[in-house]
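Here is the structure we will look at.
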Amino acid sequence: MVVAKSWTMVRHFEGAPKPEDFKLIEKELPPLKDGEVLLESEFWSVDPYMRPYSKQKLKEGDVMMGSQVARVMESKNPAFPVGGYYVAYAGWTTHFISDGKGLAPLPSNWPENLPKSLALGAAGMPGLTAYFGLLDLCNPKEGDVVLVNAAAGAVGSIVGQIAKIKGCKAVGSAGSDDKLGFLKEIGFDEVFNYKTVSSLAEALKKASPDGYDCYFENVGGKFADAALQQMKDFGRIAVCGAISLYNDSVPSTGPYIQPYILFKQLRMEGFIVTRWQDRFPEGQKQLLQWIIEGKLKYHEHITNGFENMPASFMGMLKGENIGKAIIKV
Ligand SMILES: NC(=O)C1=CN([C@@H]2O[C@H](COP(=O)(O)OP(=O)(O)OC[C@H]3O[C@@H](n4cnc5c(N)ncnc54)[C@H](OP(=O)(O)O)[C@@H]3O)[C@@H](O)[C@H]2O)C=CC1
Ligand SMILES: CCCCC/C=C\CC(=O)/C=C/C=C/C=C/[C@@H](O)CCCC(=O)O
């Protein structure tokens with residue numbers, strides 16, 4: 001028999017998640033039925049969406065939501081042979097049984113020299129978020145100035161590099177000087193540490209005196225209030241996330257943004273990456289090609305040990321990661 005270890009959410013988060021909000025449980029898995037497969041997780045992802053979504057989608061005591069790269073270790077379904085690798089959304093668990101629904105195979109031509117964990121990062125959901133959010137909603141033109149916050153993260157670091165591939169100027173903000181060094185290494189033109197600048201408005205002005213054509217929003221809050229005022233006319237804003245607001249128990253209130261949207265004739269659109277689900281293979285193929293060509297650099301912030309998943313999640317929300325936060329067996 002296989003015993004699955006899983007992390008459960010003991011109680012809904014109040015403010016930032018705390019170690020006592022999580023509990024490790026063990027469960028003996030039943031024998032497979034016809035059509036089922038048993039999978040063993042090899043990499044897990046921790047993502048910001050888990051903080052707000054947990055309130056909407058989980059009840060207390062549920063296994064924490066999330067995705068993994070897992071290998072088929074036993075199969076009673078000929079469509080899913082032993083040894084196959086899949087991205088699954090089975091949550092924070094070491095082993096799980098599936099009937100195959102929701103298992104996304106890694107491309108059969110996955111390059112041997114690329115870690116399969118990229119299917120959770122630069123060539124997975126975050127990379128696709130950057131790819132489709134930037135190209136379909138910001139629609140950057142060569143020479144445009146693209147602004148992205150949380151720029152050293154899983155999504156932001158891909159946004160800035162795709163902007164460079166498209167011939168744009170990339171401006172990024174992040175929360176540590178080490179992250180700024182990383183951003184310069186991967187090609188950002190201008191970077192600033194939003195935690196240490198004396199004025200966000202002045203930092204934005206210095207980075208691009210003529211303003212911004214595209215703004216890829218990951219953070220929200222005060223950063224957005226400042227950035228909106230420095231958009232160029234007909235600027236495009238892709239609202240990808242608002243991580244500065246996720247831990248709020250009471251919604252924050254900011255200034256009214258309608259005057260800026262009106263007078264600058266801005267287009268501002270929120271999105272969830274699953275809207276492009278049907279085009280994921282197209283996007284993943286392009287991302288993998290850019291990675292193989294060396295045009296797209298990836299960075300993984302690896303935490304070793306399933307027992308450290310809660311720490312990795314809490315750390316990511318506090319900004320401890322550069323690039324994609326991954327947990328490895
Ligand atoms: N719409 C969609 O479909 C998707 C949306 N997203 C969103 O994209 C954004 C980035 O996600 P992802 O790249 O996976 O995560 P990251 O790898 O960027 O990790 C989160 C980062 O957010 C920054 N951060 C945390 N708290 C704050 C704060 N209070 N103020 C400013 N920055 C903060 C930290 O970096 P720093 O050091 O810079 O502070 C931290 O490293 C999130 O808002 C997420 O919700 C992600 C995937 C899909
Ligand atoms: C201030 C409240 C903000 C709520 C919106 C939150 C988040 C933006 C974000 O990060 C969205 C991420 C979406 C990720 C989608 C992942 C899918 O591949 C699978 C999601 C799993 C699931 O839906 O159970």
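Since the structure is predicted, the reported quantities are computational estimates derived from the model, not experimental observations. Just follow the structure's listing: the first ligand is 1, and inside any ligand the first atom is 1. Index from 1, following the sequence.
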Pick from Phe132, Tyr194, Tyr49: the one approaching atom 30 (N) of ligand 1 most closely through a non-hydrogen atom: Tyr194

message: Give me the residue, atom name and distance of the protein heavy atom closest to atom 46 (C) of ligand 1.
response: Val155 CG2, 3.8 Å

statement: Note: Ala242, heavy atoms under 4.0 Å from ligand 2, region reported as neither

- request: Compute the centroid of each ring, for Phe22 and then for Trp92, and state whether the two points are separated by less than 6.0 Å.
  value: yes

statement: protein heavy-atom neighbour closest to atom 3 (O) of ligand 1 works out as Val273 N, 2.7 Å

field: Subset of ligand 2 atoms that lie under 4.0 Å from at least one heavy atom of Tyr53
entry: 6 (C), 11 (C), 13 (C)

- prompt: Which is closest to atom 11 (O) of ligand 1 by heavy-atom distance: Pro48, Gly221, Ser45?
  reply: Pro48

message: Closer than 4.0 Å to some heavy atom of Cys240 - which atoms of ligand 2 meet that?
response: 8 (C)

- request: Check whether any side-chain N or O of Gln284 sits under 3.5 Å from a backbone N or O of Ala123 as a donor-acceptor pair, and report yes or no.
  value: yes

- prompt: Measuring from the heavy atoms of Cys240, does anything fall under 4.0 Å of ligand 1?
  reply: yes

- prompt: Is there a donor-acceptor pair closer than 3.5 Å between any side-chain N or O of Ser41 and the backbone N or O of Ala70?
  reply: no

query: With a 4.0 Å heavy-atom cut-off (strictly under), which part of Leu317 contacts ligand 1: side chain, backbone, both or neither?
result: backbone

query: Can you find an N/O atom of Ala154 closer than 3.5 Å to an N/O atom of ligand 1?
result: yes

Proximity to ligand 2 by part of Asp248, non-hydrogen separation under 4.0 Å: neither

- prompt: Between CD1 of Ile322 and CD of Glu300, what distance do you get to the nearest 0.5 Å?
  reply: 13.5 Å

query: Should Tyr246 be listed as contacting ligand 1, given a heavy-atom distance under 4.0 Å as the test?
result: yes

message: Is it true that Ser208 and Lys169 share a donor-acceptor pair across their side chains at a distance under 3.5 Å?
response: no

message: Both conditions, 6.0 Å and 45 degrees, for the charged tip of Lys328 above the ring of Phe43: are they met here?
response: no

field: Ion pair check, Glu14 and Lys55, cut-off under 4.0 Å
entry: yes

message: Taking 4.0 angstrom as the limit and counting only heavy atoms of Met125, give me the atoms of ligand 1 inside it, by number and element.
response: 47 (C), 48 (C)

- line: Closest to atom 34 (C) of ligand 1 by heavy-atom distance, out of Gly323, Gly319, Ala238, is Gly319

Short N or O distance, Gly175 and ligand 1, threshold 3.5 Å exclusive: yes

Ala242 touching ligand 1 at heavy-atom level, < 4.0 angstrom: yes

message: Quick check on Lys27: does its NZ atom have over 12 non-hydrogen neighbours (other residues, nucleotides or ligands) under 6.0 Å away?
response: no

query: What is the nearest protein non-hydrogen atom to atom 48 (C) of ligand 1, stated with its residue, atom name and distance?
result: Thr129 OG1, 3.3 Å

